[in-house]
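Below is one structure, written out as structure tokens; the observations come after it.
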Amino acid sequence: MSAALKTQAQIRIALAAAVEAAAEKHGWDIHTIPNVELEVPREKAHGDFATNLAMQLAGQAKMAPRAVAEAVLQHLDAAGTHIEHAEVAGPGFINLRLANDWLHDVVKDIAQQGPDYGKSNFGDNKRVMLEFVSANPVGPMNVVNARAAAVGDTLSNIMDAAGYDVSREYYVNDAGRQAHLFGLSLLARYKELAQVEYEFPEDGYPAPYVKELAQIMRQEAPDLLEKPQQEQEAFCKRWGTDRIVEQQKADLAAFGVEFDVWFRERDLHAGQKLEKVIEYLKDQGLLYEQDGATWFVSTKFDDDKDRVVVKSDGVPTYITADMAYHLDKYQRGFEHLINIWGPDHHGYIGRMQAAVQALGYKAGSLEIIILQLVNLLRRGERVRMSKRAGEFVSMTELMEEVGKDAARYFFLMRAPDSHLDFDLGLAAEESQENPVYYIQYAHARICSILRQADSDSVQCPSIEDAALHLLQAEAELDLIKKLSELPGEIVSAAERRGPHHIARYAHELASSFHSFYTHCRVLGEEEALQGARLVLLKAVAQVLQNSLRLLGIAAPERM
RNA sequence: GCGCCUGUAGCUCAGGGGAUAGAGCAUCGGACUUCUAAUCCGAGAGUCGCAGGUUCGAUUCCUGCCAGGCGCGCCA
């Protein structure tokens with residue numbers, strides 16, 4: 001456990017004991033002892049930590065909040081907590097100021113834990129699957145897919161660091177209507193190139209990339225047209241979607257996103273999984289026939305209306321495959337499922353939650369995160385996107401235009417449920433308006449000092465030998481406090497499913513460092529102080545790296 | 001019509017029952033003979049959409065309304 005979390009834990013224990021002692025003395029009738037919440041006050045004058053527990057207890061104790069706080073403080077045993085000063089303030093807060101030595105422990109912690117600093121076992125190794133992106137394998141990915149990739153990947157990183165056993169999965173929808181139409185479109189282009197009479201499918205994919213694929217396919221399968229029609233169609237669907245999936249894999253890898261599993265819908269069909277789900281639901285009495293179709297009584301589980309699982313033409317609907325897929329997820333041993341969906345799928349949540357319950361799992365075990373839309377702007381002007389007109393900014397184009405680091409940061413700096421304005425010009429610009437450079441620059445600056453020290457043959461002391469107690473300047477203490485916050489930030493970002501907390505944290509840390517940089521000199525200071533500051537610099541670089549790694553953003557040594 | 005998301009500084013957004021509501025950008029004023037000025041320091045800027053309710057306390061929770069976005073298929 002990190003020094004910061006350990007210190008906080010000790011403080012909580014001491015406060016809880018004080019509450020108990022005070023309760024006995026004053027005869028408080030306390031049924032529920034509130035969890036001792038420590039917060040870092042906004043105002044520096046309010047100390048290092050504050051708790052509102054006296055205000056929470058006031059009702060049960062039948063005493064004024066400030067009086068409760070006083071009583072608690074009278075019984076507080078500060079041994080082992082680093083607490084230097086405690087006082088009652090405002091409406092009944094208990095403000096705690098700590099001795100600076102706890103911060104020096106933080107620096108030691110970072111030196112010892114290195115890349116692991118910030119990790120915790122909060123998640124208790126719970127097996128969690130995050131399914132995200134899952135774009136249809138019929139064409140290039142769009143900017144919402146890109147946002148999903150950045151958010152899903154970073155949330156996975158964060159939950160992993162918070163002690164969950166995380167698996168990333170991509171569901172390849174290669175067996176549905178879209179895939180079928182895509183296959184037909186590909187076949188039509190193939191025939192067109194072979195100068196054979198063809199018919200382009202209604203609702204097909206007319207975009208140029210289909211024709212390009214058809215050209216490649218002609219070389220790989222020159223005698224395709226000699227096969228029966230049904231085989232031609234099946235081949236095109238399989239070959240085409242496989243091809244697109246390979247492209248998606250490559251594009252996502254370039255975006256820094258790698259999945260543990262690419263799950264094919266067609267494997268569900270091949271394994272008779274849809275039939276099995278339908279049979280199961282039938283056995284549970286959750287199906288009925290109407291108008292020639294088979295319906296699932298999802299209203300029994302709070303859905304708005306019942307849903308068709310098998311259409312009157314005998315073809316199962318999308319949700320049938322999705323039920324089979326989610327059953328498979330549970331059967332693979334995942335305790336908690338998180339799906340990240342685009343805003344156009346929110347209407348689908350109710351039926352999916354119903355499905356999960358029908359399959360015998362708890363409603364809360366499936367969690368849906370809905371990402372909101374991305375508005376693309378160029379110099380403040382909205383970029384109109386229309387798939388039909390072919391005016392469409394793909395994930396790849398986005399990356400080419402702004403680069404991986406800026407793209408990821410822009411997607412990660414906002415809460416997932418917030419509509420996102422993404423200014424292409426701003427993201428691509430290497431200017432002070434662009435926050436990603438601000439963070440990276442902090443890291444590059446540190447590396448620059450370390451390089452300078454190296455070439456001046458200045459020795460950086462070991463963590464044991466460093467005179468950390470010399471780090472007393474306000475800018476130094478503020479910086480170390482910021483360093484101490486990473487483990488807690490990771491836990492809270494994991495709990496709240498909020499990758500943007502880490503993006504903000506990285507920015508705040510960079511800000512603390514830049515301030516330190518202008519207020520404190522490193523090289524040329526008296527030797528012991530210089531050594532302590534060099535150790536501090538290394539710790540800051542480490543924490544910047546750890547934060548940026550969670551975000552999937554590079555920590556450059558030079559800029 | 002119903003459902004979901006959003007409404008906080010000029011702009012883009014954090015925050016989330018409690019202390020004087022924060023950050024970046026923009027604006028204005030300062031700071032490089034010294035480790036990268038892609039930086040720092042300071043100033044101004046807010047009826048937290050509106051109206052009720054719950055509470056000792058609401059910007060935060062509840063209800064209604066208004067505005068913007070997105071959905072509402074035997075498509076996926």
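Bear in mind that the values here come from a model prediction, so they are computed numbers and not experimental data. All values below were derived from every heavy atom in this structure, side-chain atoms included, with hydrogens, water molecules and symmetry-related copies excluded.
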From [options], pick the nucleotide closest to the side chain of [X]?
{"X": "Arg42(A)", "options": "rG22(B), rU12(B), rG18(B)", "result": "rG22(B)"}
{"X": "Asn52(A)", "options": "rU39(B), rU20(B), rG18(B)", "result": "rG18(B)"}
{"X": "His507(A)", "options": "rA76(B), rG24(B), rC74(B)", "result": "rG24(B)"}
{"X": "His500(A)", "options": "rG15(B), rC4(B), rC35(B)", "result": "rG15(B)"}
{"X": "Tyr438(A)", "options": "rA19(B), rU39(B), rC41(B)", "result": "rU39(B)"}
{"X": "His346(A)", "options": "rC74(B), rC4(B), rC35(B)", "result": "rC4(B)"}
{"X": "Ala415(A)", "options": "rA19(B), rG68(B), rA14(B)", "result": "rA14(B)"}
{"X": "Glu43(A)", "options": "rU20(B), rA76(B), rC40(B)", "result": "rU20(B)"}
{"X": "Ser418(A)", "options": "rC13(B), rU39(B), rA19(B)", "result": "rC13(B)"}
{"X": "Ser515(A)", "options": "rC40(B), rA19(B), rC74(B)", "result": "rC40(B)"}

- Message: I'd like to check, for Phe93(A), whether its ring lies over the base of rA19(B) with centroids under 5.5 Å apart and a plane angle smaller than 30°.
- Response: yes
- ring centroid sep under 5.5 Å plus plane angle under 30, His345(A) with rG71(B): no
In whole angstrom, give me the gap between the [atom1] atoms of [N] and [M].
{"N": "rU60(B)", "M": "rG7(B)", "atom1": "P", "answer": "12 Å"}
{"N": "rC40(B)", "M": "rU34(B)", "atom1": "C1'", "answer": "16 Å"}
{"N": "rC25(B)", "M": "rG42(B)", "atom1": "P", "answer": "14 Å"}
{"N": "rU39(B)", "M": "rG24(B)", "atom1": "P", "answer": "11 Å"}
{"N": "rG52(B)", "M": "rG30(B)", "atom1": "P", "answer": "47 Å"}
{"N": "rC32(B)", "M": "rA37(B)", "atom1": "P", "answer": "12 Å"}
{"N": "rG44(B)", "M": "rU8(B)", "atom1": "P", "answer": "23 Å"}

With a 4.0 Å cut-off on heavy atoms, is [X] in touch with a base, just the backbone sugar-phosphate, or nothing at all?
{"X": "Asp423(A)", "answer": "nothing"}
{"X": "Thr294(A)", "answer": "nothing"}
{"X": "Asn95(A)", "answer": "base"}
{"X": "His46(A)", "answer": "base"}
{"X": "Ala50(A)", "answer": "base"}
{"X": "Arg66(A)", "answer": "nothing"}
{"X": "Cys447(A)", "answer": "nothing"}
{"X": "Arg177(A)", "answer": "sugar-phosphate"}

Length of the [atom1]-[atom2] vector between [X] and [N], whole Å:
{"X": "Leu373(A)", "N": "rC5(B)", "atom1": "CG", "atom2": "C1'", "answer": "9 Å"}
{"X": "Asp421(A)", "N": "rG24(B)", "atom1": "CG", "atom2": "P", "answer": "20 Å"}
{"X": "Asp203(A)", "N": "rA76(B)", "atom1": "CG", "atom2": "P", "answer": "13 Å"}
{"X": "Phe296(A)", "N": "rC74(B)", "atom1": "CZ", "atom2": "P", "answer": "15 Å"}
{"X": "Met413(A)", "N": "rC13(B)", "atom1": "CE", "atom2": "P", "answer": "9 Å"}
{"X": "Arg414(A)", "N": "rC5(B)", "atom1": "CZ", "atom2": "P", "answer": "20 Å"}

When only distance counts, do a donor and an acceptor, one from the side chain of [X] and one from the base of [N], lie under 3.5 Å apart?
{"X": "Asn434(A)", "N": "rA38(B)", "answer": "no"}
{"X": "His419(A)", "N": "rC5(B)", "answer": "yes"}
{"X": "Ser312(A)", "N": "rC74(B)", "answer": "yes"}

- Query: Paired with rG10(B) by Watson-Crick or G-U wobble geometry, both distances under 3.5 Å: which nucleotide is it?
  - Reply: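 Paired with rC25(B).
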- Task: Could you let me know what rC70(B) is paired to, Watson-Crick or G-U wobble, both distances under 3.5 Å, or none if it's on its own?
- Result: rG3(B)
- Item | Met559(A) side chain reached by Tyr437(A) side chain, heavy atoms, under 4.5 Å | yes
- Determine the interplanar angle of the Tyr288(A) and Trp295(A) rings, folded into 0 to 90°, and report it as parallel if under 30°, tilted if 30 to 60°, perpendicular if over 60°.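 Taking Trp295(A) first and then Tyr288(A), their aromatic rings lie parallel (interplane angle under 30°).
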- Task: For the pair Trp28(A) and His26(A), name the ring-plane relationship: parallel under 30°, tilted 30 to 60°, perpendicular over 60°.
- Result: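 Rings of Trp28(A) and His26(A): parallel, as their planes differ by under 30°.
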- Do the side-chain N or O atoms of Lys305(A) get closer than 4.0 angstrom to the phosphate oxygens (OP1, OP2) of rC72(B)? no
- Query: Just checking, any donor-acceptor pair under 3.5 angstrom between side chains of Gln440(A) and Tyr409(A)?
  - Reply: no
- Message: Main chain of Leu98(A), side chain of Asp48(A): is a donor-acceptor contact present, judged purely on distance under 3.5 Å?
- Response: yes
- Message: Does Asp302(A) have more than 12 heavy atoms from other residues, nucleotides or ligands lying within 6.0 Å of its CG?
- Response: no
